[in-house]
Amino acid sequence: MRPIFLGLIAACWLSLPAFAAEPDGPSELITQKEALRIAVQGKLAQKAPARRAEQLALLDYYSVPDQPLLWVDDKGLNDRAKSAMGEIAKADDYGLRASDYTLPKPDEFNASDAKANDWLADAEIKVSYAVLDYTSDARGGRLDPQRLSENLDPTLALPDPAEVLGSIAIRSDPAAYLRSFQPDQPQFEALRQKLLEARGGGKPAEPAKPDVVIIPDGPVLKFGVQNEQVVLLRKRLDVPAEAGANEQLFDKDVFQAVRRFQLEHGAAPDGLVGNGTRRMLNSQQDPAPRHAGGQALIQALIVNMERWRWLPNDMSSYYVTVNIPEFMVRVVEDDKVIHSARVVAGKPDKQTPIFSQDMQEIVFNPYWNVPNSIKMQEIAPYLQQGGGFFGGGWDTSVLARHGLRVRGASGRDIDPDTIDWGRADIRNYDLYQPPGPDNVLGTVKFLFPNKHDVYMHDTTQKNLFAQSVRAESHGCMRVQNPQELALVLLHHDQGWTQANIDQALYGEDNHVQLKTKIPVYITYFTIKVNDDGSISTFNDIYGHDARMTAALNGKPIYESPVASDSDVVAGQPWSPRSGGPRPRQREALDNDFTRALFGF
């Protein structure tokens with residue numbers, strides 16, 4: 001009955017003269033405004049509840065007697081409306097789209113028109129909805145990441161519509177309030193400035209300096225080496241040699257300068273000047289994304305700005321962040337990177353998920369408990385290679401070769417040769433690898449419990465860290481120099497020293513609980529603006545850029561990518577849900593299983 005009653009009141013009110021008719025006194029003016037409020041409420045009640053949360057918030061707001069209207073008065077749109085609408089009109093400057101918000105047109109209002117009150121009620125509703133939509137979009141509400149990929153699982157903090165209405169109603173500057181919902185991270189603002197430049201506005205790019213020092217191809221330059229190129233390196237990094245010192249010597253000052261440069265540009269700070277660091281040193285501005293030029297660059301910037309909306313403005317004064325396309329982990333304290341290292345991430349068909357969670361403990365010399373996915377896809381088919389009527393039993397040698405043990409429901413180890421693997425469900429058995437030099441998790445594991453069952457850990461495959469594209473794992477992240485990372489984290493949390501780390505490594509499966517949980521952000525940024533204004537770009541290894549761009553532009557979305565080391569193409573690869581194990585040659589299976597064992 002409530003919507004019908006409100007609708008009748010709205011219909012009666014909309015037939016009354018417009019505000020242009022001068023009221024006889026204050027009481028009549030109040031009555032007119034109250035009637036318009038009821039008319040707005042009636043219009044809202046008649047709308048289909050496609051956006052129920054916003055609709056209910058608006059209904060509740062306008063249901064309060066004597067509630068002031070937010071955006072209109074007897075002259076049409078008020079100054080508050082003009083302020084809010086002016087800010088919404090700038091949405092494109094923030095990677096949103098102003099055309100997505102339906103706003104009233106001020107020049108269409110005519111106070112003497114018989115339908116003026118109808119226009120005012122509609123205008124009040126349009127601006128209110130636009131404000132709610134803008135605040136939601138600014139905090140990441142434009143897309144549902146999980147509908148794009150099950151591996152996009154950020155924790156969104158969308159604003160409550162009722163709180164937005166209550167707050168903006170008392171703000172003297174609605175535009176500033178709307179701007180406050182945009183990410184305030186420095187990197188977001190840097191990307192925004194690049195977006196303005198790409199569109200032909202904003203701050204112009206600084207002209208290239210004509211006196212840039214170029215470091216030509218040559219041998220790896222490292223601490224202690226003497227080479228004529230070190231002279232150029234000193235000029236490039238502004239590290240003059242001390243009086244009487246050898247300019248060609250790669251000394252401690254040069255080493256520290258190279259490390260600072262690498263850290264600032266997202267590279268592992270190893271202090272070595274090889275081909276990769278040479279390219280960075282010789283680039284005033286890194287090349288734009290391979291796929292980017294003009295509109296493509298604009299889309300890439302918008303997609304990366306969108307991902308900043310998935311993160312909280314307050315990421316904590318101390319946190320860990322992993323950027324999957326960059327294959328790097330960093331520890332940040334008071335907005336400064338204090339530690340960085342390379343990581344190996346999941347393969348395109350076994351992606352590392354994008355999410356946030358708190359690190360709770362660090363485990364030294366951990367056990368590796370084989371997940372069901374590897375049991376089913378890698379181990380079970382291998383066990384059955386020797387089975388059947390003519391095979392003479394099951395081939396369990398692969399378990400022995402890799403030090404895997406089998407434990408049953410009783411919690412005791414079982415001889416795998418006593419199990420009929422042709423009938424047994426391998427998922428009913430615990431397969432584990434005890435600590436030791438061959439353990440695939442290495443010496444350290446970093447746990448931040450999550451539904452994806454992924455974590456960071458050491459690895460026996462140290463050679464993978466030398467690769468530029470390090471998408472080789474089954475989803476977890478393998479960390480270079482994990483004991484250094486453990487020391488950094490535990491020094492912060494508990495004041496640990498290297499002696500504490502050494503002692504912890506003596507035991508088996510030694511769990512160290514963190515006194516204060518440390519936020520961990522697994523991110524997916526393919527563009528980063530460096531401190532000097534240059535741009536670093538990274539491969540869209542999982543195809544998330546392509547799917548997000550398509551979704552933002554209303555185009556079809558591919559379900560899953562197939563990626564090579566150099567590019568991504570749309571497709572739909574095999575998965576465990578597509579109908580059983582994929583047929584493969586024994587050699588390929590063996591290789592996959594070996595990779596699984598040496599770096600889940």
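Note that the coordinates shown come from a computational prediction; the quantities given were computed from them, not determined experimentally.
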Q) Which distance, rounded to the nearest 0.5 Å, do you find between the CD1 of Ile324 and the CZ of Phe538? A) 12.5 Å
Q: Look at atom CZ of Arg427 and say whether more than 12 heavy atoms of other residues, nucleotides or ligands are closer to it than 6.0 Å.
A: no
Q) Are Phe465 and Asn481 close enough, and set up right, to give a side-chain contact (heavy atoms from CB on, under 4.5 Å), and what steps lead you there? A) CA-CA 10 Å; Phe465 294 115; Asn481 303 321; over 6 Å; no
Q: Give a yes or no answer on whether the side chain of Arg547 reaches the backbone of Tyr542 with a donor-acceptor pair at less than 3.5 Å.
A: yes
Q | Heavy-atom side-chain proximity of Cys476 to His457 below 4.5 angstrom | A | yes
(Q) For Asp349 and Lys347: C-alpha separation, side-chain torsions, deciding distance, then whether salt bridge (Lys or Arg N to Asp or Glu O under 4.0 Å) applies. (A) CA-CA 5 Å; Asp349 61 342; Lys347 293 181 282 191; 5.2 Å; no
**Q.** Side-chain donor/acceptor of Arg407 to backbone N/O of Ile414, under 3.5 Å
**A.** no
Q.
Apply salt bridge (Lys or Arg N to Asp or Glu O under 4.0 Å) to residues Lys528 and Glu326 and explain how you reach the verdict.
A. CA-CA 10 Å; Lys528 182 180 71 174; Glu326 191 180 5; 3.2 Å; yes
Q. Do you know the tightest heavy-atom contact between Asn439 and Pro366?
A. ND2-O, 3.3 Å
Q) Does Tyr94 have Arg192 sitting over its ring (NZ/CZ under 6.0 Å from centre, angle to axis within 45°)? A) yes
Q. Where do Arg309 and Gln182 land on the side chain to side chain donor-acceptor pair (under 3.5 Å) test, with the steps shown first?
A. CA-CA 7 Å; Arg309 307 182 196 281; Gln182 297 290 350; 2.5 Å; yes
Q. Should Met359 and Leu514 count as side-chain neighbours, where that means a heavy-atom distance under 4.5 Å?
A. yes
(Q) Just verifying a value: how many Å separate Gln299 CD and Glu306 CD, rounded to the nearest 0.5 Å? (A) 11.5 Å
Q. Hey, mind stepping through His544 and Gln351 against side-chain contact (heavy atoms from CB on, under 4.5 Å) and telling me if it holds?
A. CA-CA 11 Å; His544 292 328; Gln351 300 176 10; 3.5 Å; yes
Q: Search all heavy atoms of Pro434 against all heavy atoms of Gly403 and return the closest pair with its distance.
A: CD-O, 3.5 Å
Q. For the residue pair Pro482 and Phe446, what are the closest heavy atoms and their distance?
A. O-CZ, 3.4 Å
Q | Side chains of Leu156 and Trp310 in contact at under 4.5 Å (non-hydrogen atoms) | A | yes
(Q) With a 6.0 Å cut-off on the ring centroids, do His452 and Phe355 count as close? (A) yes
Q. Taking all atoms of both residues into account, what is the closest heavy-atom pair of Leu552 and Ile302, and its distance?
A. CD1-CG2, 4.2 Å
Q | Distance, nearest 0.5 Å, that separates CD1 of Ile354 from CG of Asp153 | A | 10.0 Å
(Q) Can a donor-acceptor pair be found, under 3.5 Å and without considering hydrogens, that links the side chain of Gln185 to the backbone of Pro312? (A) yes
Q. Where do Val406 and Pro416 come nearest, in terms of heavy atoms and distance?
A. CG2-CB, 4.1 Å
**Q.** Heavy-atom side-chain contact between Arg330 and Val320 under 4.5 Å
**A.** no
Q) Would you call Asp430-Arg405 a salt bridge at under 4.0 Å N-O? A) no
Q) Hey, is NE2 on His511 packed in by over 12 heavy atoms from elsewhere, all under 6.0 Å? A) yes
(Q) Please determine whether the number of non-hydrogen atoms from other residues, nucleotides or ligands lying under 6.0 Å from atom CG of Asp335 exceeds 12. (A) no
Q) Does the Glu472 side chain pair with the main chain of Gly346, one donor and one acceptor, at a distance under 3.5 Å? A) no
(Q) Whether the side chain of Thr549 engages the backbone of Asp545 through a donor-acceptor N/O pair (distance < 3.5 Å, no angle test) should be reported. (A) yes
**Q.** Flag for Glu150-Gln146: side-chain donor and acceptor within less than 3.5 Å
**A.** no
Q) Is there a donor-acceptor pair closer than 3.5 Å between any side-chain N or O of Asn450 and the backbone N or O of Val454? A) yes
**Q.** Polar contact flag, side-chain donor to acceptor under 3.5 angstrom, Asn304-Thr526
**A.** yes
Q: Is it possible for you to check whether Arg307 lies under 6.0 Å from the centre of the six-membered ring of Phe525, through NZ or CZ, and within 45° of that ring's axis?
A: no
Q | Heavy-atom pair of closest approach, residues Phe364 and Val512 | A | CE1-CG2, 3.8 Å
(Q) Could you check whether Asp334 and Ser317, counting side-chain N and O atoms only, form a donor-acceptor pair closer than 3.5 Å? (A) no
Q) Quick one: does Lys222's side chain have a donor or acceptor within less than 3.5 Å of a partner on Gly274's backbone? A) no
Q) What's the spacing between Leu301 CG and Ile535 CD1 if we round to 0.5 Å? A) 6.0 Å
Q.
Does any part of the side chain of Val322, heavy atoms only, come nearer than 4.5 Å to the side chain of Met456, both counted from C-beta?
A. yes
Q: Take Ile338 and Val332 through the side-chain contact (heavy atoms from CB on, under 4.5 Å) test and state the conclusion after the steps.
A: CA-CA 6 Å; Ile338 62 171; Val332 179; over 6 Å; no
Q) Would Tyr506 and Asn365 satisfy side chain to side chain donor-acceptor pair (under 3.5 Å), going step by step from the backbone distance to the final call? A) CA-CA 8 Å; Tyr506 278 123; Asn365 291 329; over 6 Å; no
Q. Measuring from Asn275:CG to Ser468:OG, what's the distance to the nearest 0.5 Å?
A. 11.0 Å
Q: Under the ring-ring contact (aromatic ring centres under 6.0 Å, His included) rule, collect the residues that match up with Phe448, sequence neighbours excluded.
A: none
Q: Hey, could you give me the CD1/CD distance between Ile362 and Gln513, rounded to the nearest 0.5 Å?
A: 10.5 Å
Q: Before giving the answer on side-chain contact (heavy atoms from CB on, under 4.5 Å), spell out for Asp458 and Val479 the whole-Å C-alpha distance, their side-chain angles and the decisive distance to 0.1 Å.
A: CA-CA 5 Å; Asp458 187 9; Val479 184; over 6 Å; no
Q.
When you measure from the side chain of Arg470 to the backbone of Val343, do you find a donor-acceptor pair of N or O atoms at a distance under 3.5 Å?
A. yes
Q) Is the NZ atom of Lys517 crowded by more than 12 outside heavy atoms at less than 6.0 Å? A) no
Q. Would you say Gln494 has more than 12 foreign heavy atoms packed within less than 6.0 Å of its CD?
A. yes
Q: Start with the C-alpha gap between Thr418 and Asp415, add the side-chain angles, then the distance that decides, and say whether side chain to side chain donor-acceptor pair (under 3.5 Å) holds.
A: CA-CA 6 Å; Thr418 64; Asp415 183 350; 5.3 Å; no
Q.
Suppose we screen for ring-ring contact (aromatic ring centres under 6.0 Å, His included). Which residues come up paired with Tyr521, at least two apart in sequence or across chains?
A. Tyr319
(Q) Any heavy-atom pair between the side chains of Met328 and Arg342 that's under 4.5 Å? (A) yes
Q. Does any non-hydrogen side-chain atom of Val469 lie less than 4.5 Å from one of Phe327?
A. yes
**Q.** Heavy-atom check, side chain of Asn151 versus side chain of Thr352, under 4.5 Å
**A.** no
